[in-house]
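Here the structure is laid out as structure tokens; the discussion comes afterwards.
Since this is a predicted model, take the numbers as computed values, not measurements. Along the sequence shown, residues are numbered consecutively beginning with 1.
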Amino acid sequence: MFWFLLITMVVVVAAVTLAVIGGGDSEVLPEVAPEQLVDPLPVSRPVDRADVEALRLPVGLRGYRMAEVDDVLVRLGAELAERDARIAELEEALTGASATRAEGAERAGEEGAA
């Protein structure tokens, strides 16, 4: 019985040692390529709601890949700033057009009264 336990222990230790060392030139686990965005945000047109909803950021070892998240946030921030500037420009033009129309109506009223 003693010899059986001794031989079993030697076989288990040898198997664990081979598993830890890797058993030669073959790799225990193959290298995996890092995940990349499958369908990144479109470059040729502005980003819309469907693009943001369909966006799936790749997950790394400890969560989302910071570089990918930073790129998406920078892109979305730039597009939102551009849209805000365009909205402000259009609101200013609308206010100017309304003021011009009001001045025209006042002049027409003054000319009609005179």
Side-chain angles (χ1 to χ4, degrees):
M1 183 69 164
F2 172 75
W3 292 107
F4 176 73
L5 290 175
L6 182 65
I7 291 172
T8 304
M9 189 170 66
V10 168
V11 170
V12 169
V13 168
V16 169
T17 303
L18 283 176
V20 169
I21 293 175
D25 293 336
S26 65
E27 296 181 27
V28 176
L29 294 175
E31 288 292 323
V32 177
E35 286 188 45
Q36 300 294 327
L37 283 174
V38 176
D39 190 17
L41 297 175
V43 178
S44 59
R45 63 178 172 76
V47 176
D48 61 11
R49 181 179 179 160
D51 294 326
V52 175
E53 288 176 353
L55 183 66
R56 296 294 175 257
L57 297 169
V59 178
L61 182 62
R62 294 185 178 164
Y64 289 106
R65 297 175 57 89
M66 290 181 0
E68 299 287 339
V69 174
D70 289 345
D71 290 344
V72 169
L73 291 176
V74 165
R75 170 79 189 274
L76 290 175
E79 289 206 14
L80 287 173
E82 182 179 321
R83 288 179 186 176
D84 288 345
R86 180 70 177 144
I87 289 170
E89 177 184 316
L90 291 172
E91 286 177 343
E92 186 177 311
L94 181 62
T95 302
S98 296
T100 304
R101 192 175 312 140
E103 288 176 10
E106 284 180 20
R107 287 183 187 161
E110 290 174 3
E111 290 176 3

- Query: Who pairs with Glu82 by side chain to side chain donor-acceptor pair (under 3.5 Å), at least two apart in sequence or on another chain?
  - Reply: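 Scan of Glu82 (side chain to side chain donor-acceptor pair (under 3.5 Å), adjacent residues dropped) gives none.
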- Can you name the residues that form a side chain to side chain donor-acceptor pair (under 3.5 Å) with Arg83, not counting sequence neighbours? none
- Query: What about Val69 and Leu55, same hydrophobic cluster or not, with Ile/Leu/Val/Met/Phe/Trp/Tyr joined at side-chain heavy-atom distances under 4.5 Å?
  - Reply: yes
- Task: Tell me who clusters with Ile7, hydrophobic residues only, linked when side chains sit under 4.5 Å apart either directly or through other members.
- Result: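 Answer for Ile7: Val11.
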- Message: List the residues meeting side chain to side chain contact (heavy atoms under 4.5 Å, CB included) with Leu6, not counting sequence neighbours, and say none if there are none.
- Response: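 For Leu6, the residues satisfying side chain to side chain contact (heavy atoms under 4.5 Å, CB included) (neighbours in sequence not counted) are Phe2, Trp3, Met9.
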Pairs under 3.5 angstrom only: tabulate donor-acceptor contacts from the side chains of residues 92-105 to other protein residues two or more places apart or in another chain.
from   : atom 1 : to    : atom 2 : distance (Å)
Thr95  : OG1    : Glu91 : O      : 2.9
Ser98  : OG     : Leu94 : O      : 3.0
Thr100 : OG1    : Gly96 : O      : 2.8

Under 3.5 Å, sequence neighbours excluded: what are the donor-acceptor pairs made by side chains of residues 41-49?
from  : atom 1 : to    : atom 2 : distance (Å)
Arg45 : NH1    : Asp51 : OD2    : 2.8
Arg45 : NH2    : Asp51 : OD1    : 3.1
Arg45 : NH2    : Asp51 : OD2    : 3.3
Asp48 : OD1    : Ala50 : N      : 3.4
Asp48 : OD1    : Asp51 : N      : 3.1
Arg49 : NE     : Glu53 : OE2    : 2.7

